[in-house]
Amino acid sequence: MSACVPARADSARTKHIHPPHSPPPGGPRRFRLAGADVSAAIAVFLIALPLSLGIALATGAPLQAGLVAAAVGGIVAGRIGGCPLQVSGPAAGLTVVTADLIQHYGWRTTCAITILAGLAQLGLGCLRVARSALAVSPAIVHGMLAGIGVTIAVAQLHIVLGGTPQSSVPDNLVALPAQLANLHPADLAVSVLTLTLLLLWPRVPGRAGALLGKLPAALIAVAGATAVASLTGLLLPKVDLPSWSSHALATLPDGPVLGLLAAVLTTTLVCSVQSLLGAVAVDKLVTARPAPAGHVKRSNLDRELLGQGAANIVSGSLGGLPIAGVAVRSSANVAAGAVSRNSTMLHGVLVVIAALLMVPALELIPLASLAALVMAVGLKMVSLNHIRTVTRHREVLVYAVTTFGVVFLGVLEGVALGIAVAVGVALHRLTRTRITHDHVEGVHYVHVRGQLTFLAVPRLSRILHQVPPGADAAVELDGSFMDHAAYETLQDWQKTHTAQGGAVDITGRRPGTRISEPAEEDGCRCRPWTPWRNHQCERPPKAPPPGAHGPATDGSAGGSTGGSTGGTPGTATGPNAPGTRDTRDTAGTPAAPGAPHPPGGSGGADGPTGHELARGISAFHRNTGPLMRRELARLAREGQQPSQLFLTCADSRVVTSMITSSGPGDLFVVRNVGNFVPLPGEESGDDSVAAAIEYAVDVLKVRSITVCGHSGCGAMQALLGAEHEGARTPLQRWLRHGLPSLERALPALDAHANEPEQEQEQEQGQEPEQRPEDGRFRPLPAGRGHLDAAERLCLANVVQQLEHLRAHDSVAQALRAGDLELHGMYFHVGEAQSYLLSEDAEGGVFALVPTTDLTARAPEYLTVRAAVSGAPRRGPV
């Protein structure tokens, strides 16, 4: 039994009132209100007050209903909802729906419908279907909002002109000429003043504009128009807030059941979709804030739906308008720096205070001013940015049909019509396929644009049979979907055409698209940056020239496999069988230096690879080039500014940009056989490496240099097995730069005398043992067992080349000035695992950092963690 738990529940000897070894619990949590939340709440309140009255006026509801909805939306939805910074209340998107309900069922039944819609939202929230609401096409949502905005603007235009709006848009348009002939100058003047202030207030220039811009334009517009109307004594219809004692509350719904169900469904749909989309938009606004004052959690959409449902139930019960998330107030809340839901709740409290204490001031507001404000909000709902977006995505038809459907038929009818059109457009795109056939320089090209379904099979089959038997053919699939019928048609035709002596190359837009097994293809089309399974194009082997050997197993020893690892260790091999991969370890024995190789230098290729190279370049022009053109154009203008010099082996399997997650302009790369750094002034030295180091350090001002070795290095194999006296060939003379590395590694390689002790130290997480005979480290990669001689030499070579780097004047000066760092790296090809070296402060040499320490937060490991995760694009590897 744990010593921390008493043996008996009534033990009088137990004195602990909190778990031992833990701090005593603090007192009750105090409510804290951040200053940013207070200022944000005031800003939102000043916007919400006039808008709530204006929306209530536009719907034909009692004006107090707008204040009730604003208060309940702030307090209830703000407390329960899942989006902390979204402000809920009476929304312009609900204006048309609410006005239609009041017109048909009366105000008290509309309140009951609001309650039922809230219950429906609670049910949807409990079912966790909030994410499903986001499946509605954005074109439909934007079209719905645009239609509602047009309806609001047309209706409020009559109040702006001094008249009374009709019940529908067509009726309002028919009555507009008569209203223009009988306009009221006073109402029009106040409306024009409101719109002018609303438009010009955010555009006040200079320092004064920066100060005045903190006040919301909506408040200034209504307050300015109210002040002018009061000072000039204009006789205008004004806000009339009846006594709260006579405020109308909800009653039992009265009307046809189907009509009421449709009303509840419409209210639920509009409230839910607008609130959920608003929550997603608020998350984006919070993420885009340059310097947030505090951490704000991402929205919980299911909880947001529950909060909206609870708010609608309370609002309907208290005689308020339907509630939804409001974009204008939410964006103002985020822009004002709110950090918690306290700002939303406080804004609701301020609305309650205003509704109780500011009634005399509110009754001075002209209705024409509120109508102008709401009309401007409605016009903003027709967003040009949304129109450009749907046009770019070829969904303008869905947008237009939804908009006109909402304007002339109603919200629910318009949305249903928009969904039907969206489905029709999707089906049209699915069935619309263009298939063309071209004959260029002896090759027949069949280009398929669009989705390839069974409906397009007859046309596809007809075009494919236009390709003569035995001809070279290329089928390009420019689409993202192909069903089983089309797949079988292509596969059967390919088999038949290949059996007749023809060649078929089937490619798609997506990298690595293939139709048949690799063994059935005459070749493949390599795409850049694909999962590199069988990335090397292989063709059936041809008899090698007399006396020629297969390619070496390592690119750095004279031959390149192009990414494949086929062959048997220690022997020269031909290409692998098509569609297969050799699973041997990459650390094979290479061909002896100077062994002849077939033309082309690519294992498995039958002769020169110029054709494959041209096809690869063509694939870059078609796929990668358009994506990189802007970045490469910037680099062409600004020049290269790499932060790192990366010195590695010429082995074709070591792809620097891939293993470091870097891109153009990030690394200044120097590659040579064995990743050697010749000492300055040494006999048979190489000025090209020294020149690259000098240029990188003195001209490019790189901040770090990394020497990277790798497993299966042919240069290390050659060092172990070749004679080093009387070197005759250039490769043998170059390998002499690795003799210091061989000398460093010889004590550890000598019959592996101390190998068991080293591996035991490694398994226990200790650093490699320091050898007393020469004072040098013998590094081992952490977590690895038996190492062969070549791998030990690779590790020692990395450490040795780092010492050679220090002998170069430019490097030594930069190290003394603290402007440069040296790093070592070892890449195991077969395991796709990198090991980084950390500098030992005492010995001045390097020891391998165990991979288990990569999560440590010590300063010396920060660079290692960043490099392995691939997080930074710039900075030390």
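We count residues from 1, following the sequence as given.
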So, taking the atom named [atom1] in [X] and the one named [atom2] in [Y], what distance separates them when rounded to the nearest 0.5 Å?
{"X": "Asn333", "Y": "Leu85", "atom1": "CG", "atom2": "CG", "result": "5.5 Å"}
{"X": "Leu260", "Y": "Leu116", "atom1": "CG", "atom2": "CG", "result": "8.0 Å"}
{"X": "Thr232", "Y": "Leu234", "atom1": "OG1", "atom2": "CG", "result": "3.0 Å"}
{"X": "Trp107", "Y": "Thr59", "atom1": "CH2", "atom2": "OG1", "result": "6.5 Å"}
{"X": "Leu193", "Y": "Ser369", "atom1": "CG", "atom2": "OG", "result": "7.5 Å"}
{"X": "Ser52", "Y": "Ile47", "atom1": "OG", "atom2": "CD1", "result": "11.0 Å"}

Heavy-atom closest contact ([X] atom, [Y] atom, distance):
{"X": "Thr251", "Y": "Ala112", "answer": "O-CB, 3.0 Å"}
{"X": "Leu101", "Y": "Ala263", "answer": "CD2-CB, 3.3 Å"}
{"X": "Thr267", "Y": "Pro322", "answer": "CG2-CB, 4.3 Å"}
{"X": "Leu301", "Y": "Leu276", "answer": "O-CD2, 3.7 Å"}
{"X": "Leu145", "Y": "Met381", "answer": "O-CE, 3.4 Å"}
{"X": "His347", "Y": "Ala70", "answer": "CE1-O, 3.9 Å"}

Can any side-chain N or O of [X] pair as donor or acceptor with the backbone N or O of [Y] at less than 3.5 Å?
{"X": "Glu304", "Y": "Gly82", "value": "yes"}
{"X": "Ser343", "Y": "Ser340", "value": "yes"}
{"X": "Ser275", "Y": "Gly325", "value": "yes"}
{"X": "Thr344", "Y": "Gly74", "value": "no"}
{"X": "Arg394", "Y": "Val390", "value": "no"}
{"X": "Arg341", "Y": "Gly78", "value": "yes"}
{"X": "Ser39", "Y": "Ala36", "value": "yes"}
{"X": "His158", "Y": "Pro165", "value": "no"}
{"X": "Ser315", "Y": "Ala311", "value": "no"}
{"X": "Ser272", "Y": "Leu269", "value": "no"}

Report yes if the side chains of [X] and [Y] come closer than 4.5 Å at any heavy-atom pair, otherwise no.
{"X": "Thr402", "Y": "Leu417", "result": "no"}
{"X": "Leu236", "Y": "Leu367", "result": "no"}
{"X": "Val160", "Y": "Asp187", "result": "no"}
{"X": "Val377", "Y": "Leu51", "result": "yes"}
{"X": "Leu215", "Y": "Trp201", "result": "yes"}
{"X": "Val154", "Y": "Leu173", "result": "yes"}
{"X": "Ile159", "Y": "Thr164", "result": "no"}
{"X": "Ser137", "Y": "Glu395", "result": "yes"}

Taking atom [atom1] of [X] as the centre, does the number of heavy atoms from other residues, nucleotides or ligands within less than 6.0 Å exceed 12?
{"X": "Arg303", "atom1": "CZ", "value": "yes"}
{"X": "Leu356", "atom1": "CG", "value": "yes"}
{"X": "Leu235", "atom1": "CG", "value": "no"}

Can you check side chain to side chain contact (heavy atoms under 4.5 Å, CB included) on Ser299 and Val280, steps first, answer last? CA-CA 7 Å; Ser299 299; Val280 174; over 6 Å; no
Side chain to side chain donor-acceptor pair (under 3.5 Å) assessment of Ser88 paired with Gln308: CA-CA 8 Å; Ser88 301; Gln308 296 294 330; 2.7 Å; yes
Please determine whether side chain to side chain contact (heavy atoms under 4.5 Å, CB included) holds for the pair Val38 and Ile42, giving the CA-CA distance in whole Å, both sets of side-chain angles, and the decisive distance to 0.1 Å. CA-CA 6 Å; Val38 175; Ile42 294 174; 4.2 Å; yes
Establish, from distance only, whether the side-chain atoms of Asn312 and Thr114 form a donor-acceptor pair under 3.5 Å.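 No, no side-chain donor-acceptor pair sits under 3.5 Å.
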Might you work through the side chain to side chain contact (heavy atoms under 4.5 Å, CB included) test for Leu362 and Leu49, ending with a clear yes or no? CA-CA 9 Å; Leu362 296 178; Leu49 190 62; 3.9 Å; yes
Determine whether Lys238 and Glu363 satisfy the following criterion, side chain to side chain contact (heavy atoms under 4.5 Å, CB included), listing intermediate values before the conclusion. CA-CA 6 Å; Lys238 297 181 180 180; Glu363 290 183 337; over 6 Å; no
